[in-house]
Enquirer: 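Okay, handing you the structure first.
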Amino acid sequence: MNKKLKLVGAFLLLLYSQQIFSQQKTDDDQLRFKGDNAKRNLKDKTTVFTGNVSLSSKNISFENAEKIIVDETTNEVKIYKPQNFKIIHVEGLSKTGKNPEEVIIYNIKTKTVSI
């Protein structure tokens with residue numbers, strides 16, 4: 001009886017040790033915005049940041065953009081005239097043919113950048 005109890009205890013310890021000692025999964029996909037003005041439109045599900053807008057995330061970062069439009073329906077962030085634009089890690093990169101200094105589109109869901 002004592003051996004069976006030890007065997008069952010060791011089995012349960014091995015079974016649950018992975019969940020007990022594993023690190024918590026962090027949500028680093030957050031976009032952190034900083035800007036002079038922000039306007040939210042609940043009907044269209046858009047947010048417009050204007051005036052020295054900065055964004056930092058684990059995928060992209062930039063400073064002093066003229067304007068950013070975050071569209072929650074299309075999961076797109078439209079970035080107008082950013083400075084120090086850095087791509088850290090994205091799933092895809094495409095060229096739209098427009099001037100990259102005017103607008104850059106970042107898709108939050110697919111993690112792609114269109115320049």
Side-chain angles (χ1 to χ4, degrees):
M1 178 70 178
N2 198 13
K3 284 185 178 183
K4 287 182 181 180
L5 187 59
K6 286 182 182 180
L7 185 61
V8 170
F11 177 72
L12 289 175
L13 181 65
L14 288 173
L15 184 65
Y16 289 109
S17 66
Q18 180 72 19
Q19 293 175 349
I20 292 171
F21 295 113
S22 66
Q23 293 180 353
Q24 293 292 327
K25 188 175 184 181
T26 58
D27 187 18
D28 285 337
D29 284 347
Q30 294 180 354
L31 300 175
R32 291 174 290 284
F33 295 97
K34 183 193 276 186
D36 294 338
N37 299 313
K39 291 183 182 180
R40 174 103 169 112
N41 187 337
L42 294 174
K43 185 179 177 184
D44 295 338
K45 293 187 178 181
T46 59
T47 306
V48 178
F49 296 92
T50 56
N52 296 324
V53 185
S54 299
L55 178 137
S56 63
S57 72
K58 73 174 193 174
N59 296 322
I60 64 169
S61 68
F62 58 85
E63 300 170 346
N64 300 326
E66 186 177 285
K67 178 171 70 168
I68 295 177
I69 300 174
V70 181
D71 190 347
E72 294 176 25
T73 56
T74 61
N75 293 314
E76 287 184 344
V77 178
K78 293 181 181 177
I79 307 155
Y80 295 89
K81 298 182 182 177
Q83 295 177 0
N84 299 328
F85 185 78
K86 298 175 188 169
I87 297 174
I88 301 164
H89 175 75
V90 293
E91 298 295 323
L93 181 64
S94 63
K95 186 173 181 180
T96 59
K98 297 178 184 175
N99 188 354
E101 295 175 357
E102 290 184 17
V103 63
I104 297 172
I105 301 171
Y106 173 65
N107 191 305
I108 302 166
K109 196 169 203 169
T110 60
K111 294 178 180 47
T112 58
V113 174
S114 298
I115 297 176

Enquirer: So, taking the atom named CG in Asn64 and the one named CG in Asn52, what distance separates them when rounded to the nearest 0.5 Å?
Expert: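 Between atom CG of Asn64 and atom CG of Asn52 there are 5.0 Å.
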Enquirer: Please identify each residue that fulfils salt bridge (Lys or Arg N to Asp or Glu O under 4.0 Å) with Glu63, with sequence neighbours left out.
Expert: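 Glu63 satisfies salt bridge (Lys or Arg N to Asp or Glu O under 4.0 Å) with no other residue.
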Enquirer: Are any of the side-chain heavy atoms of Thr47 and Ile69 separated by less than 4.5 Å?
Expert: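 No; the side chains remain at least 4.5 Å from each other.
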Enquirer: With a 4.5 Å cut-off on side-chain heavy atoms, are Leu93 and Ile115 touching?
Expert: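 The answer is yes; the side chains approach within 4.5 Å.
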Enquirer: In Å, rounded to the nearest 0.5 Å, how long is the span from NZ of Lys39 to OG1 of Thr50?
Expert: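 OG1 of Thr50 is found 7.0 Å from NZ of Lys39.
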Enquirer: Between Val103 and Lys78, what is the shortest heavy-atom contact and its length?
Expert: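 Minimum heavy-atom contact is CG2-CB, 4.4 Å.
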Enquirer: Is it the case that Thr73 and Asp71 place a side-chain donor and acceptor less than 3.5 Å from each other?
Expert: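 Side-chain D/A pair, Thr73 to Asp71: present.
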Enquirer: Is any side-chain heavy atom of Val77 less than 4.5 Å from a side-chain heavy atom of Ile105?
Expert: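 SC-SC contact between Val77 and Ile105 ruled out.
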Enquirer: For the atom pair OG (Ser57) and CZ (Arg32), what is the distance rounded to the nearest 0.5 Å?
Expert: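 These two atoms lie 7.0 Å from each other.
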Enquirer: Is any side-chain heavy atom of Ile68 closer than 4.5 Å to one of Tyr80?
Expert: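 Not in contact.
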Enquirer: Look at the side chain of Asn41 and the backbone N and O of Lys43, then say whether any donor-acceptor pair between them is shorter than 3.5 Å.
Expert: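 Side chain of Asn41 to backbone of Lys43, a donor-acceptor pair under 3.5 Å: yes, one is there.
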Enquirer: In Å, rounded to the nearest 0.5 Å, how long is the span from NZ of Lys111 to CG of Asn75?
Expert: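 Lys111 atom NZ to Asn75 atom CG measures 10.0 Å (nearest 0.5 Å).
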Enquirer: Using the salt bridge (charged side-chain N to carboxylate O under 4.0 Å, His left out) definition, which of the options Arg40, Lys45, Lys109 pairs with Glu72?
Expert: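 The salt bridge (charged side-chain N to carboxylate O under 4.0 Å, His left out) with Glu72 is passed solely by Arg40 among Arg40, Lys45, Lys109.
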Enquirer: For residues Val90 and Ile60, determine if any side-chain heavy atom of one lies less than 4.5 Å from a side-chain heavy atom of the other.
Expert: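 They are in side-chain contact.
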Enquirer: Can you tell me which residue among Asp36, Leu55, Val70 is in a side-chain contact (heavy atoms from CB on, under 4.5 Å) with Phe49?
Expert: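 For Phe49, the side-chain contact (heavy atoms from CB on, under 4.5 Å) check succeeds only for Val70.
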Enquirer: Measuring from atom OG of Ser56 to atom CG of Leu31, what distance do you get when rounded to the nearest 0.5 angstrom?
Expert: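 That separation rounds to 8.5 Å.
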Enquirer: Output all residues satisfying ring-ring contact (aromatic ring centres under 6.0 Å, His included) with Tyr106, sequence neighbours left out; order by chain, then residue number.
Expert: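 ring-ring contact (aromatic ring centres under 6.0 Å, His included) list for Tyr106, sorted by chain: empty.
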